[in-house]
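Structure first, then comments.
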Amino acid sequence: MLLDKFQRLEGGVFFPIDHPSPRNVARLDMRALPLIDRMHHNGIYLDVAKCRKLHDDLGVQQLVLGELIDTIAGRPLNPGSGDQVARVLYDDLGLHKLLKEKSGQEIGRTGSGARLSSDDEALSMLKGLRDGEGNTLDPLPGLILDWREVAKIRSTYTGPLPSKVNPHTNRIHTVFNPVRTATGRLASSNPNCQNIPIKSALGKAIRDSFTVQNQNHRLVSGDLSQIEMVGAAHASNDPKMRKVFLDGLDLHTFTAISMFRLNESEIEPDPEKYPGAVCPFPGGGWPISWKVFKHKYRLPAKTLGFGILYGVTPSGLQLQILNAGGPYWSEDDCALFIRGWYALYQGVYEWTCEQHGRARRYGKVWDLLGRWRLIPEVYSSIEGVVNAGLRQAGNMPIQSLAQGIIKLAMATMERVCQYYEAKGVTCWPLLQIHDELIFEVEDTIVEEFVATMKKVMRGVVDLSVPIGSSADVAMSWGELK
DNA sequence: AAAGACCGCGCG
DNA sequence: AAAGCGCGCGGTCTTT
């Protein structure tokens with residue numbers, strides 16, 4: 001590892017550059033194009049019957065929920081119309097005032113400030129309202145949430161997807177735009193295959209309908225583990241963060257133990273990672289079970305870790321921790337927590353300050369591969385605009401470096417594809433989802449392909465910390481990971 | 001009927 | 001209030 005010298009990477013790309021270099025970026029981006037072209041050509045198979053069945057089943061649910069909502073509201077109410085929902089819940093029923101009285105929580109306004117918002121955050125708060133006996137005060141917010149979840153899935157996914165299938169290939173051919181984003185990411189459209197649901201049970205059902213087209217094919221996914229954090233550790237050269245990755249530790253666990261000053265020997269090891277861990281305490285009980293540790297300490301630390309990369313604010317962090325199912329923390333707690341994180345990883349703090357300085361001084365920031373982004377916001381006279389620019393400045397070099405790494409992997413995987421092509425073996429790249437690549441390959445080569453891809457992904461560039469990669473194999477997208 | 005603003009929400 | 005970064009898309013509602 002020679003960090004004082006340039007590495008010459010796949011396709012003649014240089015690393016690290018660390019000054020704006022359109023030529024280096026052009027080399028990088030051009031080398032990823034052949035694989036992107038293959039993805040366009042290959043498409044991904046959709047089990048149309050499965051998708052339509054899901055669509056119809058959810059249609060019944062949506063209808064029932066819609067009628068229930070009309071009945072309870074006492075008049076036709078379109079739950080998809082924010083204006084109508086706000087009129088009924090706030091103007092007619094005054095639920096925002098009740099919420100304020102009962103819990104002090106306030107409903108936010110829409111982006112333009114035109115009215116009180118009726119989004120997930122608002123409805124979830126209203127759903128929690130209880131009467132004197134602990135019963136749900138009003139069923140409407142919960143029902144509207146349920147309707148919206150189903151409506152979203154149907155209108156955005158199960159409805160349109162079958163119509164995107166190309167009748168000649170029976171597959172869905174998304175388009176990747178390699179020059180759309182400010183950070184070097186690809187943008188997928190028509191349809192967007194980078195936002196197919198995964199987090200909910202309904203989401204998994206949709207992914208289940210993306211399958212292999214032949215029984216002797218397999219879907220293979222490979223992803224770069226925590227690549228933005230790894231990139232941050234390298235770019236900032238923060239000693240503690242680097243050591244975590246060099247030692248192969250779990251970053252969020254380390255962060256939690258450090259920040260809450262926990263005694264590591266009192267915490268039960270992750271049963272999934274260390275199934276045979278023997279408890280040394282009398283009675284066999286750990287002072288802090290893994291379950292408690294994970295929820296109370298690791299989850300906030302993990303949430304904050306991601307937030308740091310985005311320039312999170314105390315109120316934003318508070319909301320994120322709650323949304324992730326974590327404990328309630330006051331805004332002051334969150335502010336202290338953020339400061340504590342920067343105190344622990346001081347190198348990251350200094351690195352962030354450097355990006356802010358570059359944005360202010362040059363009106364732009366850049367990543368280690370030479371991609372740059374203009375930040376004209378820093379010259380605004382409006383404080384909120386300047387702060388938004390600084391958050392972009394702190395985030396771009398990290399997101400951009402991560403993209404550079406996967407693009408290098410894509411360039412190398414193109415050669416892998418050519419190798420199997422020459423042998424007449426199926427090896428189709430299908431999708432890139434930011435830190436992940438999905439292929440459809442013949443079952444005869446699955447094992448060697450997985451090994452090759454993992455090796456390629458972790459080996460395309462030599463950072464001062466190891467890059468991790470993982471992979472999985474399945475017959476459908478829903479089963480992957 | 002078409003275009004566009006706005007809202008809301010799916011993903012990394 | 002550009003309120004946490006980066007996207008694309010569908011529905012509603014208004015404007016042309």
Side-chain angles (χ1 to χ4, degrees), chain A residues 78-86 108-123 144-145 147-161 164 174-177 180-200 202-203 206-207 223-224 226-229 232 303-321 323 331 334 338 352 355 365 373 375-378 380 382-400 402-403 406 431-436 477:
Chain A
N78 180 350
S81 163
D83 289 346
Q84 288 186 34
V85 168
R109 300 196 77 85
T110 59
S112 64
R115 57 164 168 80
L116 293 180
S117 98
S118 68
D119 61 8
D120 184 84
E121 186 197 341
L123 295 180
I144 294 170
L145 279 171
W147 184 93
R148 284 199 181 159
E149 185 187 359
V150 175
K152 174 77 177 177
I153 299 283
R154 294 188 76 236
S155 68
T156 310
Y157 302 104
T158 55
L161 282 176
K164 302 289 186 184
T174 187
V175 172
F176 288 105
N177 187 336
R180 171 72 183 81
T181 68
T183 55
R185 279 187 170 184
L186 305 184
S188 161
S189 63
N190 197 13
N192 182 351
C193 285
Q194 292 178 322
N195 75 341
I196 305 294
I198 188 174
K199 292 170 184 174
S200 66
L202 288 181
I206 295 174
R207 290 198 174 208
D223 74 290
L224 292 161
Q226 297 191 70
I227 188 59
E228 295 198 349
M229 285 295 178
T303 307
L304 175 56
F306 287 117
I308 290 287
L309 300 180
Y310 301 147
V312 76
T313 59
S315 58
L317 179 62
Q318 181 185 39
L319 187 65
Q320 286 304 311
I321 293 177
N323 281 349
E331 261 188 62
C334 289
I338 293 170
T352 305
Q355 307 314 309
V365 292
R373 175 182 183 167
I375 314 282
E377 287 88 344
V378 294
S380 168
I382 301 164
E383 192 189 347
V385 174
V386 174
N387 287 334
L390 295 179
R391 287 194 298 274
Q392 292 166 7
N395 175 260
M396 180 273 177
I398 296 300
Q399 195 177 116
S400 184
Q403 278 313 292
I406 196 147
L431 299 172
Q432 187 254 39
I433 309 171
H434 309 309
D435 60 353
E436 177 184 10
W477 196 357

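Since we're looking at a predicted model, the values are computed, not measured. We name chains A, B, ... by the order of the sequence lines, and we start the count at 1 in each one.
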| Rounded distance in Å - CD (A:E121) to C1' (C:dA3) | 11 Å
| message | Using a 4.0 Å heavy-atom cut-off, does A:S118 contact any base of the nucleic acid, only the sugar-phosphate backbone, or nothing at all? | response | sugar-phosphate
| With a 4.5 Å limit on heavy-atom distance, are the side chains of A:Q403 and A:Q432 in contact? | yes
| request: Whole angstrom is fine here: how far is it from NE2 in A:H434 over to C1' in C:dC7? | output: 6 Å
| field | Where chain A begins and ends its contact with DNA chain B, read 5' to 3' at 4.0 Å from heavy atoms | value | B:dC6 to B:dG12
| query | C:dA3 C1' sits how many Å from A:E331 CD, rounded? | reply | 10 Å
| Atom-to-atom span, CD of A:E436 to C1' of C:dC7 - whole angstrom | 16 Å
| query | Whole-Å distance between C:dC7 P and A:I196 CD1? | reply | 19 Å
| request: May I ask you to say what A:R185 touches in the nucleic acid, namely base, sugar-phosphate or nothing, with a heavy-atom cut-off under 4.0 Å? | output: base
| request: Considering only atom P, compute the distance from B:dC6 to C:dA1 and round it to an integer number of Å. | output: 14 Å
| message | Classify A:A151 by what it touches in the nucleic acid, base, sugar-phosphate, or nothing, heavy-atom distance under 4.0 Å. | response | nothing
| Which part of the nucleic acid, if any, lies within contact of A:L186, taking any heavy atom under 4.0 Å across all strands shown: a base, the sugar-phosphate backbone alone, or nothing? | nothing
| query | Is the shortest heavy-atom distance from the side chain of A:K164 to the side chain of A:C193 under 4.5 Å? | reply | no
| task | Evaluate the side-chain proximity of A:L202 to A:Y157: yes if any heavy-atom separation is below 4.5 Å, no if none is. | result | no
| field | Under 4.0 Å protein heavy-atom contacts per nucleotide of nucleotides 8-16 of chain C, with B for base, S for backbone only and - for none | value | BSSSSS---
| task | Tell me what A:R373 touches on the nucleic acid: a base, only sugar-phosphate, or nothing, going by heavy atoms under 4.0 Å. | result | sugar-phosphate
| said: Do A:F176 and A:L431 have side chains that approach each other closer than 4.5 Å (heavy atoms only, starting at C-beta)? | reply: yes
| request: Evaluate the side-chain proximity of A:N177 to A:S189: yes if any heavy-atom separation is below 4.5 Å, no if none is. | output: no
| request: Would you mind classifying the nucleic acid contact of A:Q399 as base, sugar-phosphate or nothing, using non-hydrogen atoms under 4.0 angstrom? | output: base
| When we call it a touch if two heavy atoms are under 4.0 Å apart, what does A:I198 touch: a base, just sugar-phosphate, or nothing? | sugar-phosphate
| Contact class for A:L309 (heavy atom, under 4.0 Å): base, sugar-phosphate, or nothing? | nothing
| remark: Quick note, salt bridge (charged side-chain N to carboxylate O under 4.0 Å, His left out) partners involving residues 180-196 of chain A, not counting sequence neighbours, are A:R185-A:E228
